Structures are given as C-alpha cells and as structure tokens.
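Note that ligands are numbered from 1 as they come in the structure, with each ligand's atoms numbered from 1 the same way. No experiment lies behind these values; they were computed from the predicted model shown.
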Amino acid sequence: MFKKIFGKKPDKRVSISGTDIAFEVGRNQTILEAALAQKYAFPHDCTVGTCGSCRSKLLSGKVDAITPFGYTLSREELQAGYILACQAVPKSDVELAVEMDPDIEIKIVNGRIVETRDLTHDIKQVTWEVDQPMDYVAGQYMNVLWPDAPGHRSYSFSAAPVAGGSTRLSTFIRKVPGGAFTEKLFSGALNDSAFTIEGPHGHFWLRDGDGPILLVGGGSGLSPLISLLEDAVARGVTRDAILLFGGRAERDLYCLDEIAAIGARWKGRIDFWPVLSEEQRDGRRFGMVTGDIQAAIAELGGAAGLQAYMCGPPPMIDAAVSELTAQGVSLDDIHYDKFTDASSAGK
Ligand SMILES: Cc1cc2nc3c(=O)[nH]c(=O)nc-3n(C[C@H](O)[C@H](O)[C@H](O)COP(=O)(O)OP(=O)(O)OC[C@H]3O[C@@H](n4cnc5c(N)ncnc54)[C@H](O)[C@@H]3O)c2cc1C
Ligand code: FES
C-alpha cells in the first residue's frame with residue numbers, strides 16, 4: 001500500500017506485436033523516445049506529431065497524447081485505434097502493431113547538387129552526388145541539411161535503388177512559394193553549396209501480396225511512386241496496378257515517357273490515369289484525383305486484397321484515406337507519405 005502511494009511509478013512496457021521487441025518507457029517519456037533511446041528502428045521523422053511517420057496501431061493498453069493525434073491522423077485512423085508514437089505517453093503496458101524500419105544502415109554523408117532538370121513549371125528533378133554510396137528501399141526518402149538550415153527537409157528518392165547503394169541520388173522537388181529551402185534551390189543559389197544528407201528513412205515501400213495495387217500521387221508525390229514502380233518492374237512483379245495522378249492542368253503532368261516505359265515492361269496490367277482539377281481536356285479525367293478512386297478500385301476488381309500507396313500533399317492523402325476506407329480498403333493496406341512542410345505544423 002505504502003509502496004503504491006509513495007513508490008516511484010513503475011515504467012510501462014511496450015511490446016511490438018508479431019516480434020520479440022519489447023522495451024520499457026520511463027515516466028513522461030514518449031513511446032518513440034524510449035524506442036530510439038533503446039536503439040530500436042522505430043519509424044519516425046519529425047518527432048513533433050506532424051508527419052505521421054510514427055503512426056502505430058494500439059492493440060491493447062492506454063496512452064496519453066501530448067498533442068492531439070487528430071492534428072495528423074484522419075478520423076478513420078483514430079477510430080481504428082491508430083496513435084502517434086512520438087506524442088504518446090503510455091498510461092499502462094501497451095501492445096502496438098507497427099512495421100519497424102528496414103535493416104539498412106542510416107548514413108550521414110556529404111553531398112552536392114550535380115544536375116537539375118525542369119520537369120514542370122514548379123517541379124525539378126534534382127540529382128545529388130554523395131561521398132558514400134547510400135542504399136534504400138524503393139519509396140524511402142532522405143533528409144537534407146544545408147548551411148544555415150532552420151531544420152532538415154525530406155525528399156523521396158525518385159529512382160529504383162541499385163544493389164550496394166548509389167552515390168548519385170535523384171529526387172523530384174516542388175517549389176513551395178515562400179519556402180525557405182525550395183525558393184533558394186529554384187533561384188540557383190544553392191548550386192555550389194555543401195549539403196549534409198541523412199538517410200534512408202521511411203516505411204513507404206511495396207508490401208508483399210498478390211492483390212492489385214492502387215497508387216495515388218499529386219505534385220512531386222510522383223517521385224517515390226516512380227521509384228516503387230521501377231523497382232517492382234525490375235523484380236518482375238505481376239500484380240495489376242493503376243497509377244492515379246492529380247494535377248491542376250496539363251502542364252502539371254510529367255514523367256509521361258518514364259511511366260509509359262514502366263507500362264511497357266510491367267508483367268501484369270497497369271494503367272495510368274492522370275486527373276486534372278482545373279483544366280478540361282479531351283481524353284483527360286476532370287476533377288479531384290480522389291474522385292476517381294472508386295472507379296479505379298472497381299477497375300481493379302474491388303477492394304479485396306487491394307493495397308493503396310499514396311504520396312503528396314496532406315489534404316490529398318486525408319481525402320484519399322477517407323475514400324479508400326469508404327470503399328472497403330482496410331487501413332492496414334493503406335500506405336502513405338504525407339509531404340508535410342512548415343505550414344503543416346499544428347494543423
Ligand atoms: C516524408 C516526406 C517526404 C517528402 N518528400 C518530398 C519530395 O520528394 N519532394 C518534395 O518536393 N517535397 C517533399 N517533402 C516536403 C519537403 O520536405 C519540404 O517540406 C518542402 O520542399 C518545403 O520546404 P521549404 O523549405 O521550401 O518550405 P518551408 O520553409 O517548410 O515552408 C513551407 C510553406 O510554409 C510556410 N510557412 C513557413 N513557416 C510557417 C509557419 N510557422 N506557419 C505557417 N506557414 C509557414 C512558407 O511560407 C511556405 O509557404 C517531403 C516531406 C516529407 C515529410
Ligand atoms: S515522428 Fe511522429 S508524427 Fe512525425
């Protein structure tokens with residue numbers, strides 16, 4: 001009794017379902033802080049509740065939220081029991097379902113920009129050369145720091161990985177008006193700069209399965225989808241797939257040759273559905289890209305066994321998650337990277 005009243009509150013234990021991973025979380029420590037302190041590759045990026053990378057499913061137990069999970073997670077995710085490990089302090093022992101990061105060495109390397117190519121009026125392909133080969137899984141991203149950086153910026157790899165890693169890393173970067181990094185990048189002011197590049201990060205990759213694949217992208221969100229598809233082609237994946245891509249107008253469409261080349265080599269059926277939201281054109285779908293999800297699922301034979309992969313602006317991802325779950329796709333089969341930026345904080 002006295003021990004209960006006066007004793008130090010015991011640490012809470014977090015176990016990861018389906019693995020032998022279990023760790024103690026100290027008083028007022030978040031689940032993510034405890035996992036990283038104990039050297040577990042728990043998925044994360046921002047650590048402040050905005051990116052969604054540490055999204056995990058609470059299978060049992062209770063947690064307190066430092067900031068509301070609902071700033072970042074959708075209503076469907078909250079209802080299904082998802083939490084953000086970086087904002088969660090356990091109130092009891094808990095069991096989580098989460099896929100830990102792949103067993104690839106995270107490196108901190110020196111890099112510089114060696115090539116830029118305009119893909120659209122506001123998206124460039126930026127190729128980086130780094131002083132040590134970096135390996136990654138198709139769909140992952142790297143963090144970039146430049147002199148006087150207010151913080152890192154994340155950019156997804158746009159090419160399929162090569163065995164043993166590569167010293168040339170390709171990314172697609174969209175100019176964000178008022179953006180601290182992209183304004184400088186697009187002005188050419190960073191062309192001779194020395195960068196620190198850290199990675200790989202993220203757990204956006206193609207999961208095993210034999211059901212159809214629905215990919216949804218907007219803006220520079222095409223980058224990891226191209227990487228993922230190129231890698232799948234190289235590995236001889238035979239699943240049916242539809243790539244839905246949303247832009248405002250025809251001038252926002254890019255990589256059409258690369259997508260056609262993937263289509264020519266794809267072993268199953270693959271379709272590319274570009275959707276324009278502000279310009280009506282013959283032969284093009286018109287409206288929000290999420291408005292075509294239902295038709296794409298029907299075309300792929302229904303939601304059973306379907307996996308969805310999405311990258312792009314947070315509002316697009318949130319709307320797509322709602323639509324996918326409404327169409328019967330399980331949240332466990334929905335994978336995404338939200339391209340959050342400084343304007344996303346606190347939303
Ligand atoms: C996992 C992940 C992967 C990503 N991959 C890519 C990718 O492959 N390609 C890509 O183009 N982008 C990607 N991003 C986004 C990218 O990391 C940057 O956030 C983006 O390029 C903007 O950086 P910036 O420095 O130019 O803009 P920021 O300085 O971050 O500013 C963004 C916007 O917010 C406004 N702003 C600044 N401060 C505030 C504030 N306090 N409150 C409100 N608004 C504010 C700015 O005026 C600007 O309009 C990814 C993000 C994540 C999390
Ligand atoms: S690491 Fe938790 S939301 Fe970004």
Would you mind finding which of [options] brings a heavy atom closest to [atom]?
atom	options	answer
atom 30 (O) of ligand 1	A342, P314, C51, P224	A342
atom 23 (O) of ligand 1	M142, R153, K184	R153
atom 52 (C) of ligand 1	G179, C311, S154, G221	S154
atom 34 (O) of ligand 1	S343, A180, P313	S343

[Y]/[X] salt bridge by N-O under 4.0 Å criterion:
X	Y	result
K175	E183	yes
D93	K12	no
R251	E279	no

Point to revise | Test item: T171 side-chain N/O and V126 main-chain N/O as donor-acceptor pair under 3.5 Å | key: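 Side chain of T171 to backbone of V126, a donor-acceptor pair under 3.5 Å: yes, one is there.
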**Study point:** Any donor-acceptor N/O pair, S158 side chain to S170 backbone, under 3.5 Å
**Key:**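 Looks like yes, one N/O pair under 3.5 Å.
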Point to revise | Protein heavy atom at shortest distance from atom 3 (S) of ligand 2 | key: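 The answer is G52 N, 3.2 Å.
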Need the ligand 2 atom indices (1-based, order shown) with element for anything under 4.0 Å from a heavy-atom of [X].
X	result
G49	3 (S)
T47	1 (S), 4 (Fe)
T50	3 (S)
D45	1 (S)

Check your understanding: Counting only heavy atoms, which portion of Y141 has something under 4.0 Å from ligand 1: side chain, backbone, both, or neither?
Key ->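 For Y141, the contact with ligand 1 is made by the side chain alone.
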Study note, to complete from the structure: Output field for angle at atom 2 (Fe) of ligand 2, C86.SG vs C54.SG, rounded to 10°, should show 100°
Would you say [X] and ligand 1 have an N/O pair spaced under 3.5 Å apart?
X	value
S220	yes
S223	no
I173	no
S156	yes

Review point. So is T340 close enough to ligand 1, meaning a heavy atom under 4.0 angstrom away?
Key: yes
Practice item. Search all heavy atoms of A296 against all heavy atoms of L214 and return the closest pair with its distance. Key: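 Residues A296 and L214, closest heavy atoms: CB-CD1, 3.8 Å.
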Practice item. Test D333 against R207 for salt bridge (charged side-chain N to carboxylate O under 4.0 Å, His left out), laying out the working first. Key: CA-CA 9 Å; D333 291 322; R207 270 56 177 188; over 6 Å; no
Practice item. Check the surroundings of atom CZ in R248: do more than 12 heavy atoms from other residues, nucleotides or ligands lie under 6.0 Å from it? Key: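 No, not enclosed.
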Check your understanding: Does V329 belong to the same Ile/Leu/Val/Met/Phe/Trp/Tyr cluster as L78, with side-chain heavy atoms less than 4.5 Å apart forming each link?
Key -> yes
If you define the side chain from C-beta out and look only at heavy atoms, does anything of [X] sit under 4.5 Å from [Y]?
X	Y	value
P224	F339	yes
W146	F181	yes
I259	F245	no

**Study point:** Metal check, atom 4 (Fe) of ligand 2 vs C51 N/O/S, cut-off below 2.8 Å
**Key:** yes
Using a strict cut-off of 4.0 Å, indicate which atoms of ligand 1 neighbour a heavy atom of [X].
X	value
R174	11 (O)
G178	46 (C), 47 (O), 48 (C)
K338	52 (C), 53 (C)
V176	22 (C), 32 (C), 33 (C), 48 (C), 49 (O)
P177	47 (O), 48 (C), 49 (O)

Review point. Do H121 and D252 meet the criterion of a side-chain donor-acceptor pair at a distance under 3.5 Å?
Key: yes
Review point. Judged by non-hydrogen atoms, does T72 sit under 4.0 Å from ligand 2?
Key: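 Distance cut 4.0 Å: T72 fails for ligand 2.
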Review point. Which class fits the ring pair H335 and Y309: parallel under 30°, tilted 30 to 60°, perpendicular over 60°?
Key: parallel
